[in-house]
Amino acid sequence: LMCTGRAKPWNVLAVTFTNKAAREMRERVEALLGPGGGGLPWLGTFHSISARMLRIHAELVGLKNTFTILDTDDQIRLLKQIIEAENIDEKKWPGRQLAGLIDTWKNRALTPDKVPKNEGFHFADGAGIKLYAAYQARLKILNACDFGDLLLHMIDVFQRHPDVLEGYHKKLSHLLVDEYQDTNVAQYLWLRLLAQARKNLCVVGDDDQSIYGWRGAEVDNILRFEHDFPGATVVRLERNYRSTGHILATASKLIARNEGRLGKTLRTEDIDGEKVTITGAWDSQEEARLITDEIEAMQSKGDNLAEIAVLVRISAQMRELEERFVQTGVPYRVIGGPRFYERAEIRDAMAYLRCVVSSSDDLAFERIVNQPKR
């Protein structure tokens with residue numbers, strides 16, 4: 001779009017799903033445009049782009065443009081304070097549970113006044129909506145917002161200030177979105193508002209790969225795209241470059257049984273490769289034994305342990321595997337662990353910096369007032 005002159009960099013909004021993807025895409029765009037490319041497009045995740053917009057329009061939602069974005073830990077600490085202030089037993093009704101409920105509401109673009117009354121009973125015998133409202137009020141006092149607010153506030157700005165939305169309509173001529181099958185209601189509304197004037201929206205997604213329903217993703221967003229944007233062109237990308245023939249055939253046969261999908265016929269020009277093996281185990285301990293036995297058999301044939309990987313769906317499944325590896329003396333390495341910004345010492349350093357930037361950030365002050373202890 002930019003190299004052919006159909007759009008200037010500042011006319012393009014490109015939304016990716018992860019910061020890693022955004023970084024990689026930014027590097028590729030910079031390499032393509034070269035020196036003096038005229039700047040970069042609006043490129044990032046839904047939340048990073050919304051944060052950039054909100055810094056510009058913060059006063060329209062009662063914030064200063066120096067607002068702090070709370071992470072999960074600070075969010076839960078704040079909710080604990082609000083729960084205790086309402087004389088609710090935090091052990092019975094933990095802050096983490098309320099944080100999850102509020103996050104669900106924000107993913108559905110529901111402000112406290114829009115949450116269905118019956119859903120308030122999902123927490124503390126009906127106090128859920130009241131606590132949500134108190135939480136939002138406290139965030140304003142702290143000049144802060146959480147990740148859900150970044151989209152929620154911008155939807156509010158777009159709906160209540162048509163002149164602001166019109167400005168973005170004039171500025172953004174091309175909207176491109178990746179992993180569209182994983183968008184939630186709030187992200188969908190945000191996009192609809194930005195795309196409604198020009199209807200120049202291109203999304204990439206795979207309805208068969210929607211795996212984030214547990215955190216609010218709505219696969220219906222991609223299933224009804226042609227209905228939402230009449231005249232849309234659908235391009236099926238059916239050639240697979242990643243898998244061997246047998247793996248692709250197995251996956252296609254399995255996924256074909258799903259209901260509510262657009263459907264496609266995947267093909268590959270790769271070799272058929274080895275056939276897929278399916279093994280049933282009675283429980284997780286037997287599964288760990290079977291996997292360990294297979295690894296030892298491969299090792300005895302001369303296979304390198306560094307070329308063997310065990311993929312698990314959730315980290316809780318690792319316990320039996322690790323115990324079995326220790327018992328049998330199979331050396332292993334676990335990939336994963338606390339993320340950099342979730343480490344206590346990094347969070348402490350960030351809290352010090354937040355206090356430097358904003359004297360009203362009470363949550364950051366509470367974290368560092370006696371850290372290190374003195």
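Heavy-atom basis, side chains included; hydrogens, waters and symmetry copies ignored.
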Exercise. Hey, are the side chains of Met350 and Arg347 touching, using non-hydrogen atoms and a 4.5 Å cut-off?
Worked result: no
Exercise. Between the main-chain N or O of His169 and the side-chain N or O of Arg198, is there a donor-acceptor pair closer than 3.5 Å?
Worked result: yes
For this session: Kindly write out the residues that satisfy salt bridge (charged side-chain N to carboxylate O under 4.0 Å, His left out) with Glu24, not counting sequence neighbours, or none if the list is empty.
Result: Arg28
Problem set entry | Rounded distance [0.5 Å steps], CG in Leu151 versus CG in Asp156 | 12.5 Å
Problem set entry | Residues that Lys275 engages under salt bridge (charged side-chain N to carboxylate O under 4.0 Å, His left out), provided they are two or more places apart | none
Problem set entry | Thr4: side-chain hydrogen bond (donor to acceptor under 3.5 Å, both in side chains) partners, not counting sequence neighbours | Arg6
Exercise. So, Asn143 versus Ser360: side-chain donor-acceptor pair below 3.5 Å or not?
Worked result: no
Exercise. Do Asp103 and Lys106 sit within salt-bridge range, that is, some charged N less than 4.0 Å from a carboxylate O?
Worked result: no
Exercise. Any donor-acceptor pair under 3.5 Å linking the side chain of Thr250 with the backbone of His246?
Worked result: yes
For this session: Please assess Thr183 against Asn221 for the test side chain to side chain donor-acceptor pair (under 3.5 Å), listing each intermediate value before the final yes or no.
Result: CA-CA 7 Å; Thr183 53; Asn221 290 350; 2.9 Å; yes
Exercise. If you count the non-hydrogen atoms of other residues, nucleotides and ligands that lie under 6.0 Å from CZ in Phe121, is the total more than 12?
Worked result: no
Exercise. Does Ile295 reach the side chain of Val330, with side-chain heavy atoms less than 4.5 Å apart?
Worked result: yes
Exercise. Just wondering, are more than 12 heavy atoms of other shown residues or ligands nearer than 6.0 Å to CD in Glu238?
Worked result: yes
For this session: Answer whether the closest heavy-atom distance between the side chains of Leu43 and Met25 falls below 4.5 Å.
Result: yes
For this session: Check whether any side-chain heavy atom of Val310 lies under 4.5 Å from a side-chain heavy atom of Leu321, and answer yes or no.
Result: yes
Exercise. Okay, side chain of Thr328, backbone of Arg324: is any donor-acceptor separation there less than 3.5 Å?
Worked result: yes
Exercise. Is a donor on one side and an acceptor on the other found under 3.5 Å between the side chain of Lys301 and the backbone of Glu296?
Worked result: no
Problem set entry | Distance, nearest 0.5 Å, that separates CG of Leu172 from NZ of Lys170 | 13.0 Å
Exercise. Quick one: NE2 on His174 to NZ on Lys8, what's the gap to the nearest 0.5 Å?
Worked result: 12.5 Å
For this session: Specify the closest pair of heavy atoms between Leu60 and Val157, including all atoms of both residues, with the distance to one decimal.
Result: CD1-CG1, 3.9 Å
For this session: Please list, chain by chain and in numerical order, all residues satisfying ring-ring contact (aromatic ring centres under 6.0 Å, His included) with Phe229, sequence neighbours excluded.
Result: Phe225
For this session: Scan side-chain atoms only and decide if Asp146 and Tyr135 contain a donor-acceptor pair under the 3.5 Å cut-off.
Result: yes
For this session: Output all residues satisfying ring-ring contact (aromatic ring centres under 6.0 Å, His included) with His57, sequence neighbours left out; order by chain, then residue number.
Result: Tyr168
Side-chain polar contacts of residues 91-100 - donor-acceptor pairs under 3.5 angstrom, sequence neighbours left out - could you list them?
none

Exercise. Taking 4.0 angstrom as the limit, do Arg319 and Glu323 come out as a salt bridge?
Worked result: yes
Exercise. Just checking, any donor-acceptor pair under 3.5 angstrom between side chains of Gln136 and Asp149?
Worked result: yes
Exercise. NE2 of His122 to OG1 of Thr104: how many Å apart, nearest 0.5 Å?
Worked result: 10.0 Å
For this session: Would you indicate whether Lys130, at its atom NZ, is surrounded by more than 12 heavy atoms from other residues, nucleotides or ligands within a distance under 6.0 Å?
Result: no
Exercise. Does Arg224 have any salt bridge (charged side-chain N to carboxylate O under 4.0 Å, His left out) partners at least two apart in sequence or in another chain, and if so, which?
Worked result: Asp228
Problem set entry | Polar contact flag, side-chain donor to acceptor under 3.5 angstrom, Gln81-Glu366 | yes
Exercise. With distance as the sole test, does Asn184 use its side chain to make a donor-acceptor pair with the main-chain N or O of Gln187 at under 3.5 Å?
Worked result: yes
Exercise. Who are the ring-ring contact (aromatic ring centres under 6.0 Å, His included) partners of Phe46, not counting sequence neighbours?
Worked result: Trp190
Exercise. Can you tell if the side chain of Trp42 reaches within under 4.5 Å of the side chain of Lys171, non-hydrogen atoms only?
Worked result: yes
Seminar exercise, completed: Residues at least two apart in sequence or cross-chain that pass ring-ring contact (aromatic ring centres under 6.0 Å, His included) with Tyr132, listed by chain then number, are Trp105
For this session: List, by chain and then residue number, the residues other than Leu248 in its hydrophobic cluster (Ile/Leu/Val/Met/Phe/Trp/Tyr, side-chain heavy atoms under 4.5 Å); write none if there are no others.
Result: Leu266
Problem set entry | Nearest heavy atoms of Pro331 and Gly329, plus distance in Å | CD-O, 3.2 Å
Exercise. Which atom pair, heavy atoms only, marks the closest approach of Ile129 to Pro116?
Worked result: CD1-O, 3.7 Å
For this session: Evaluate the side-chain contact (heavy atoms from CB on, under 4.5 Å) criterion for residues Ser243 and Asp270: first the C-alpha distance (whole Å), next the side-chain angles of each, then the deciding distance (0.1 Å), finally the verdict.
Result: CA-CA 7 Å; Ser243 303; Asp270 200 347; over 6 Å; no
Exercise. Looking at Ala22 and Thr45, what are the two nearest heavy atoms and their distance?
Worked result: CB-N, 4.5 Å
For this session: Could you pull out the closest heavy-atom pair between Ala21 and Thr16, with the gap in Å?
Result: CB-CB, 4.0 Å
For this session: Would you mind reporting whether Met298 and Ile308 have side-chain heavy atoms less than 4.5 Å apart?
Result: yes
Exercise. Is the shortest heavy-atom distance from the side chain of Ile49 to the side chain of Val15 under 4.5 Å?
Worked result: yes
Exercise. Is a donor on one side and an acceptor on the other found under 3.5 Å between the side chain of Asp272 and the backbone of Gly245?
Worked result: no
Exercise. For Tyr332 and Glu322, does a side-chain donor sit closer than 3.5 Å to a side-chain acceptor?
Worked result: yes
Problem set entry | Arg354/Leu363 under side-chain contact (heavy atoms from CB on, under 4.5 Å): CA gap, chis, key distance, verdict | CA-CA 10 Å; Arg354 280 164 50 189; Leu363 280 173; 4.2 Å; yes
For this session: Measure the spacing between CG of Leu101 and CD of Glu119 and express it to the nearest 0.5 Å.
Result: 7.5 Å
Seminar exercise, completed: Applying salt bridge (charged side-chain N to carboxylate O under 4.0 Å, His left out) to Arg55 and not counting sequence neighbours gives none
Exercise. How long is the gap from CD1 on Ile255 to CG on Asp206, to the nearest 0.5 Å?
Worked result: 8.0 Å
Can you give the donor-acceptor pairs under 3.5 Å from side chains of residues 279-291 to other protein atoms, not counting sequence neighbours?
residue, atom, partner, partner atom, Å
Asp283, OD1, Gln285, N, 3.2
Asp283, OD1, Glu286, N, 2.8
Ser284, OG, Glu320, OE2, 3.2
Glu286, OE1, Trp282, N, 2.6

Exercise. Given the rule in the side-chain contact (heavy atoms from CB on, under 4.5 Å) test, do Thr268 and Arg239 qualify, once you have shown the distances and angles that lead to the verdict?
Worked result: CA-CA 6 Å; Thr268 181; Arg239 181 180 173 188; over 6 Å; no
For this session: Might you point out which heavy atoms bring Leu33 and Cys3 nearest each other, and give the distance in Å?
Result: CD2-SG, 4.5 Å
Exercise. Looking at side-chain heavy atoms only, is the closest gap between Val177 and Cys202 below 4.5 Å?
Worked result: no
Problem set entry | SB check Arg77 Asp362 (cutoff 4.0 Å) | no
